[in-house]
Amino acid sequence: MTSNEIKKSIRKQLTGDFEKDKQFLSDKSEEYMKENDEEGISAVIDLLSEIMPEEYQKSIMRIMYINGKRLDKVYADIIEMLKSKQNLENAFKLAEELYSKITEGFTESDTTKFVSLRNSFEDNLYQIVFKPEKTLNRTPFDFSRMITAYGYILVEYRELEKAIKVLKKAIEYNPVDCGPKFELAEIYKLQKDKDKIIEITKETLKVASSPAAIARCYTNLGYMCVDLKEYDDAVAFYYASILFYPYSAVKAELRNISMITGQRLTPPDDNAVQKTFEKYGIPYGPDKTVIEVSALLSQQSLMNNNIKDALIYLKILYGLTNDQQIKDIILKYEPENTENKAE
C-alpha cells in the first residue's frame, strides 16, 4: 500500500479525541517501524502532524524538518545526489544539516536512549547482545543509515577523523547495523591500521546476520593481509569469504596475489584456514547468539502461526547454517522458493 492509501485506511479509525488518537498513532508507528515499513511510518507521521495542536506542530517542525522538508525526504535527496554522482557539495551540506538535526533533537539522557532498530530481529539481537539498561525510544526514521551516508561523504572528502566520529554516532543509534561498521573498516584500511581493522571486524561479526556480511568481514581481513604482505593469510581469508558469499572482487584479489607471488594459488585446507583465523583472533562462521536469536524468533512465530515473520527468520537462519531441515520448513510454506537465501 502507498502512504496515501495507508493514511486513508488509518484516518477512518481516528476518534477525534487527540489523546486517544495520539496513542493509537504512536502504537501504529511502533508496528510499522518493527516491520521497517517506510510508507506506513510516513503515513502515521503525516496524520500526527494533521491532528496535533499548533504548539505540538511547531515542536515537530523544529526537530523533524529542514527548510520545510521532512528528514526522510532530505535523506532521499542526498541519496539521489550520490547515485547521480552530481552535486556532491550540495549532498555534503544537506548531510551535515541532517546529522546536526538528528544529533541535537534526539539525544541520549541519563535514563533514555534513542534507537533505530529496524525490525524485531534487530530488536531482539540488540537486547540480548548489548543488554540496555535505559528505556529505549524508537526513532521515527533509520537514523543509523542517514548518518552513515554523511560518514561516507566525509570519507569521499578524505575527512577521515571526522568521519570516524560520525560513524560511531551512527552505531550508537543501531549497534546491530553492519553498515556503519563496514564504513569504519574502509577508513581503517585507508589508514592501514591493522589493530582497528581487526577490532571493528570482530565487532561486526558479533551481529552479522547474513552470509554476505560475514564474507565482507573476511574480505576486509584479506585486504589487510595483502597490505601487510602476509599473502598466505590473505589467501586463507579470501577463500573463506568465497564459501559464504562469492564477491566478484575476491577473484580479482586472488589473481593479484598470484601475480605478486608468482605462484599458482590453490584453496587452503581447513587446518591452514583455522590457523590463520586463530593467528588474528577471528572467530570463524556466524556468531552463536545470532543463530540462537533467529532460531528462537522462527520458533515463536511458527507457534503463533505468524508465517510471514517466521519465513523472514527462517531465511536468516538458513543463510547462516545451510541446514537442510530449515530449508525443508521454508519450502513447506514457500514451495516456489528454490533458493532460500537470506538477504
Side-chain angles (χ1 to χ4, degrees), residues 3-4 6-7 10-11 14-34 36-82 87 89-118 132 134-154 162 165-174 177 180:
S3 179
N4 286 333
I6 295 171
K7 274 195 288 187
I10 295 177
R11 190 178 279 115
L14 300 180
T15 65
D17 182 309
F18 172 64
E19 291 300 328
K20 288 183 180 179
D21 290 343
K22 184 176 73 169
Q23 185 58 52
F24 170 72
L25 290 172
S26 177
D27 292 342
K28 293 297 290 185
S29 178
E30 284 274 334
E31 177 185 323
Y32 288 129
M33 278 189 272
K34 287 182 178 179
N36 199 25
D37 186 336
E38 294 184 1
E39 293 291 330
I41 295 169
S42 180
V44 168
I45 292 173
D46 285 344
L47 287 171
L48 273 170
S49 298
E50 286 180 18
I51 69 170
M52 279 186 172
E54 187 175 349
E55 61 270 22
Y56 283 98
Q57 290 182 8
K58 288 180 179 178
S59 176
I60 290 290
M61 289 294 293
R62 180 178 57 80
I63 66 171
M64 289 186 55
Y65 286 76
I66 295 174
N67 297 326
K69 185 171 284 191
R70 209 170 61 199
L71 300 185
D72 58 324
K73 306 299 182 184
V74 173
Y75 172 70
D77 288 345
I78 294 167
I79 296 303
E80 280 303 311
M81 291 176 190
L82 293 177
N87 297 321
E89 188 174 339
N90 286 339
F92 177 87
K93 291 177 181 177
L94 273 180
E96 190 171 40
E97 284 188 76
L98 183 59
Y99 174 75
S100 296
K101 182 70 72 169
I102 290 170
T103 55
E104 291 170 9
F106 299 84
T107 57
E108 184 173 350
S109 72
D110 292 336
T111 57
T112 63
K113 176 180 175 63
F114 283 100
V115 290
S116 295
L117 303 169
R118 296 170 292 193
K134 296 182 179 182
T135 300
L136 301 181
N137 293 325
R138 310 287 166 173
T139 61
F141 308 112
D142 188 348
F143 287 166
S144 176
R145 183 168 57 173
M146 291 179 177
I147 294 174
T148 298
Y150 180 38
Y152 170 82
I153 295 171
L154 286 168
K162 187 173 183 180
K165 177 183 175 183
V166 166
L167 290 167
K168 286 182 177 180
K169 179 61 70 173
I171 291 171
E172 287 180 21
Y173 282 103
N174 187 354
D177 180 3

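Along the sequence shown, residues carry numbers from 1.
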Hey, could you give me the [atom1]/[atom2] distance between [X] and [Y], rounded to the nearest 0.5 Å?
| X | Y | atom1 | atom2 | answer |
| --- | --- | --- | --- | --- |
| L154 | F92 | CG | CZ | 5.5 Å |
| K7 | E39 | NZ | CD | 10.0 Å |
| Y99 | I153 | OH | CD1 | 13.5 Å |

M81 vs L94, side-chain contact (heavy atoms from CB on, under 4.5 Å): CA-CA, chis, key distance, verdict: CA-CA 10 Å; M81 291 176 190; L94 273 180; 3.8 Å; yes
Candidate pair L25 and L14, rule side-chain contact (heavy atoms from CB on, under 4.5 Å), full reasoning: CA-CA 9 Å; L25 290 172; L14 300 180; 4.2 Å; yes
Taking atom [atom1] of [X] as the centre, report whether more than 12 heavy atoms of other residues, nucleotides or ligands fall under 6.0 Å from it.
| X | atom1 | result |
| --- | --- | --- |
| K162 | NZ | yes |
| Y152 | OH | no |
| E96 | CD | yes |
| K134 | NZ | yes |

Side chains of S116 and T139, donor plus acceptor under 3.5 Å: yes
Side-chain contact test, heavy atoms from C-beta onward, threshold under 4.5 Å: evaluate it for [X] versus [Y] and give yes or no.
| X | Y | answer |
| --- | --- | --- |
| N67 | E97 | yes |
| K69 | D77 | yes |
| L98 | Y150 | no |
| I102 | F114 | no |
| M146 | Y173 | no |

L117 backbone acceptor or donor facing N174 side chain under 3.5 Å: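 Such a contact is absent between N174 side chain and L117 backbone.
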Compare every heavy atom of [Y] with every heavy atom of [X], then report the nearest pair and how far apart it is.
| X | Y | value |
| --- | --- | --- |
| V166 | G151 | CG1-N, 3.8 Å |
| E172 | K113 | O-NZ, 3.0 Å |
| K20 | T15 | CB-OG1, 4.1 Å |

R145 with D177: basic N within carboxylate O range, under 4.0 Å: no
F106 ring center near F143 ring center (under 6.0 Å): yes
